[in-house]
Amino acid sequence: MQIYRLPVLADNYIFLLHSPPQQIAAVVDPAEAAPVINQLAKLGAELTAIFNTHHHSDHVGGNRQLLQQFPNAIVYGGAEDKGRIPGQQVFLKEGDRVSFGQQPAEIFFVPGHTRAHIAYYFSPHFPGEPGELFCGDTLFAGSCGRLFEGTPAQMVDSLGKLRNLPDNTRVWCAHEYTLKNLQFALTVDPRNAELQSRFTEVATARRHHQATIPSWLGIEKRTNPFLRWDEPILQAAVNSQDPIQTFARLRGMKDTF
Ligand code: ZN
Ligand code: FE
């Protein structure tokens, strides 16, 4: 499975999965159709699946037009998103499995950003290869999504599921927010040496207009404050000893950062 990253809108990424043997492709969160159609034409591949993580228009905006062009494509989304994702045919719950080409993906129910959000995890095809996590607006490189329809407790539970995955997992999140996220992270975790060097690398990449996605889950576990609600250093930064309160306070600070 090859993964292409298509930048769209102000700071969104669409991910296109391609399986060369069968010349089929799937797309994760098509904000727009045109860039996907162009990439499919370049590859000479047929679109067989649209994997949506949640109903926001910057994730599903291209669904209808893609279905016009590829009427046999199947639209997947969360069960709780029923009625909110254009063309949705498959309604996924925690622990369900989908497949693309020969590769199965596991579904995680990760409410918080929205009440219906799901993530798709492809475990490694061969030992030693990375897994691939498509997590929409739940986990970002250096941060997490805003809580529009969920509570801090729900988001901690959701992020906890993603945090349990192996370090050797590529994190394909849907927005290029990394630089600003790490600027915030440094305000609450200023002595974290790995975070400091990550910030320098990301700042350099962005100066050269390079993408910072995918990220690695291992790096997120060590430098993303929104995966570290149980670390004394972050609890001290927000004057709390409670994991969920720690997370909620961090999220509140980030909302106005
Ligand atoms: Zn969203
Ligand atoms: Fe989004």
Under the 3.5 angstrom rule, does the side chain of [X] hit a backbone N or O of [Y] as a donor-acceptor pair?
X: Q69; Y: L66; answer: no
X: N181; Y: A141; answer: yes
X: R222; Y: G218; answer: yes
X: Y13; Y: A211; answer: no

Could you please spell out the steps behind the side-chain contact (heavy atoms from CB on, under 4.5 Å) verdict for R206 and E176? CA-CA 10 Å; R206 293 309 294 151; E176 181 60 67; 3.6 Å; yes
Hey, does the Lys NZ or Arg CZ of R5 hover above the aromatic six-ring of F15, less than 6.0 Å from the centre and inside 45° of the axis? no
Against the six-membered ring of F108, is K161 placed for a cation-pi contact (under 6.0 Å from the centre, within 45° of the normal)? no
Would you call [X] and [Y] a side-chain contact if the rule is heavy atoms closer than 4.5 Å?
X: T223; Y: F199; value: no
X: L227; Y: L139; value: yes
X: D189; Y: P225; value: no
X: I50; Y: P30; value: yes
X: Q103; Y: L17; value: no
X: N72; Y: T48; value: no
X: F247; Y: L234; value: no

Between [X] and [Y], is there a shared hydrophobic cluster once you connect ILVMFWY residues whose side-chain heavy atoms come closer than 4.5 Å?
X: L217; Y: L182; answer: no
X: V90; Y: L47; answer: no
X: I14; Y: V75; answer: yes
X: L6; Y: V171; answer: no
X: F109; Y: F148; answer: no

Distance (rounded to the nearest 0.5 Å) between [X] [atom1] and [Y] [atom2]:
X: R249; Y: S240; atom1: CZ; atom2: OG; result: 5.0 Å
X: N224; Y: C144; atom1: CG; atom2: SG; result: 7.5 Å
X: D96; Y: Y120; atom1: CG; atom2: OH; result: 10.0 Å
X: K221; Y: W216; atom1: NZ; atom2: CH2; result: 12.5 Å
X: R228; Y: L195; atom1: CZ; atom2: CG; result: 8.0 Å

For atom [atom1] of [X], is the number of surrounding heavy atoms from other residues, nucleotides or ligands below 6.0 Å larger than 12?
X: Q210; atom1: CD; answer: yes
X: I233; atom1: CD1; answer: no
X: N239; atom1: CG; answer: no
X: K93; atom1: NZ; answer: no

Would you name the heavy atoms of [X] and [Y] that are closest together and state the gap between them?
X: A203; Y: L179; value: CA-CD1, 3.8 Å
X: C135; Y: A119; value: CA-CB, 4.0 Å
X: A25; Y: L40; value: CB-CD2, 3.4 Å
X: G78; Y: I118; value: N-CD1, 3.6 Å

Does the plane of the ring in Y76 sit parallel, tilted or perpendicular to the ring in F51? Use 30° and 60° as the thresholds. tilted
Angle between ring planes, H54 versus H113, binned at 30° and 60°: parallel, tilted or perpendicular? perpendicular
Do the side chains of [X] and [Y] get close enough for a salt bridge, i.e. N-O under 4.0 angstrom?
X: R170; Y: E220; answer: no
X: D81; Y: R115; answer: no
X: R163; Y: D230; answer: yes

Show, in sequence, the C-alpha distance, side-chain angles and deciding distance for V36 and V8, and conclude whether the side-chain contact (heavy atoms from CB on, under 4.5 Å) test is met. CA-CA 10 Å; V36 178; V8 291; over 6 Å; no
Positive for side-chain hydrogen bond (donor to acceptor under 3.5 Å, both in side chains) with D29, one of N63, N12, T53: T53
Steps toward side chain to side chain donor-acceptor pair (under 3.5 Å) verdict (Q23, H18): CA-CA 7 Å; Q23 277 300 58; H18 180 218; 2.6 Å; yes
Would you confirm whether the ring centroid of H117 sits within less than 6.0 angstrom of the ring centroid of H55? no
Ring centres of H59 and H175 under 6.0 Å apart? yes
E201 and T204 side chains, donor-acceptor separation under 3.5 Å: no
Show, in sequence, the C-alpha distance, side-chain angles and deciding distance for S215 and T178, and conclude whether the side-chain contact (heavy atoms from CB on, under 4.5 Å) test is met. CA-CA 9 Å; S215 168; T178 317; over 6 Å; no
Going through the checks in order, is the side-chain contact (heavy atoms from CB on, under 4.5 Å) test met by T169 and E132? CA-CA 6 Å; T169 300; E132 314 286 4; over 6 Å; no
